[in-house]
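The structure under discussion appears below in the form of structure tokens.
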Amino acid sequence: MTRALLIVLDSVGVGGASDAEAFGDAGGDTVGHVAEACAAGRGDLAGVRAGPLRLPNLVALGLGQSSRIASGRIPPGLEGAATNGLFGAAQETSHGKDTPSGHWEIAGCPVSFDWGYFPKTEPAFPAALTQALIDRAGLPGVLGDRHASGAQIIVDLGEEHVRTGRPICYTSADSVFQIAAHEEAFGLERLYRTCEIARELVDPLGIGRVIARPFTGADPASFRRTANRRDYATPPPEPTLLSRASAAGRAVVSVGKIGDIFAHVGTGRVVKADGNAALLDAALDAFRGLPDGGLVFVNLIDFDTLYGHRRDVAGYAAALEAFDARIPELRSALEPGDLCVITADHGCDPTYRGTDHTRERTPVLAFGPGVPAGTIGLRTSFADIGASLGVHLGLGRGAHGAPWNA
Ligand SMILES: O=P(O)(O)O[C@H]1O[C@H](CO)[C@@H](O)[C@H]1O
Ligand SMILES: [Mn+2]
Ligand SMILES: [Mn+2]
């Protein structure tokens, strides 16, 4: 078998990006700072975890060593030899520190243009854009119109939204136009239609994604976002590992956000699931039935959405430990000839100011039966992953990135 399993731990950066300062993120180090906080007793979660970060399986795959390569030091608790595969770290070349930029670059399509962004002003959106959305979607107006954290803005404006029928439009440091609306009061299908209109309207502004953010609940204390989030992305400008595999007739399975992130171009069978555990279940299920030459690509979103953006150190640590505990199961799903790569798309340091992503280097852990232990060093682009998986799958390296296995 020569199959590939590509796992993106959303936001699990290892610090050290040489251009972090240009992004306002100097010193950001998601894994390093979570480990330090845990070692200092600031990562305890009653009944769930306590004390230093313990990731024995990820350490054996080289996570601690990838931190050393990325940022010059091994985080506390992550010392130990990498005995179970190739390990390294990667620097992003794309201009954005967002999810699509990171994923596209991993898949061999770096983003060399600048995304459009909305200013940190109120209102944040051009008046003509807001008015066009109101007119075309038949809205009584919009709320928000500013930079915000999504969990907070539904607490602040959710009741007014339900009362007035005005959807909550907001953005962040990413190239995003997000619309939050109540699933029952506003209607899920109506929210999706509104987002489709917004997608057309923000195209000329170079906005990467429109995101539907449905929520339920009766009052600010019970408002909760649901798994019916939907991302409307622009398509990648060049072929990706996914589109190249699909074009070659390979079995391709995209799990979780991957279908949306790649605007459903070459994404094959799309499988959705809610939460890291269910997403990994779905990916492993798909992988077990995958024919020779196939590719499963999964994004584990909780690190980012539930813990990174929420600046929840203990939750982040617990999520890392929960993933670590499943590595033996993951390894046993790999047959001779298979290759698994674990990496990340950007950082989201839960100890950092604000609530946005942090520009960071990422871990690159490549393993499988027969893959020797050793280092692949500091890769100068995430695209080296797509190039190496392209070589592994016999698709060729593609236009970007330097394979470590050619
Ligand atoms: O605060 P929430 O709504 O989770 O938004 C976050 O999620 C968006 C998409 O990943 C990011 O751009 C960031 O704004
Ligand atoms: Mn992401
Ligand atoms: Mn994010």
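Owing to the predicted nature of the structure, the values given are computational and were not obtained by experimental measurement. Order of appearance sets the numbers: ligands from 1, and atoms from 1 within every ligand.
Note on C348: not counted as a metal contact of the Mn ion (ligand 3), no N/O/S atom lying under 2.8 Å. Among the atoms of H346, no N, O or S atom is found under 2.8 Å from the Mn ion (ligand 3). Note on D304: counted as a metal contact of the Mn ion (ligand 3), an N/O/S atom lying under 2.8 Å. Within the 2.8 Å limit, D98 places no N, O or S atom next to the Mn ion (ligand 2).
For atom 1 (O) of ligand 1, the nearest non-hydrogen atom of the protein is G150 N, 2.7 Å. Among all non-hydrogen protein atoms, the one lying nearest atom 7 (O) of ligand 1 is R213 NH2, 2.9 Å.
For ligand 1, the polar-atom distance check finds an N/O of Q178 within less than 3.5 Å of one of the ligand's N/O atoms. Checked by distance only, ligand 1 and R225 come closer than 3.5 Å through their nitrogen or oxygen atoms. At least one N or O atom of Y170, backbone or side chain, sits closer than 3.5 Å to an N or O atom of ligand 1. For ligand 1, the polar-atom distance check against T99 finds no nitrogen or oxygen pair separated by under 3.5 Å.
At a heavy-atom distance under 4.0 Å, no atom of H346 approaches ligand 1. Counting heavy atoms closer than 4.0 Å to ligand 1, residue Q152 contributes nothing at all. With a 4.0 Å cut-off on non-hydrogen atoms, H147 does not touch ligand 1 at all.
Distance alone, capped at 3.5 Å, places no donor-acceptor pair between the T355 side chain and the S149 backbone.
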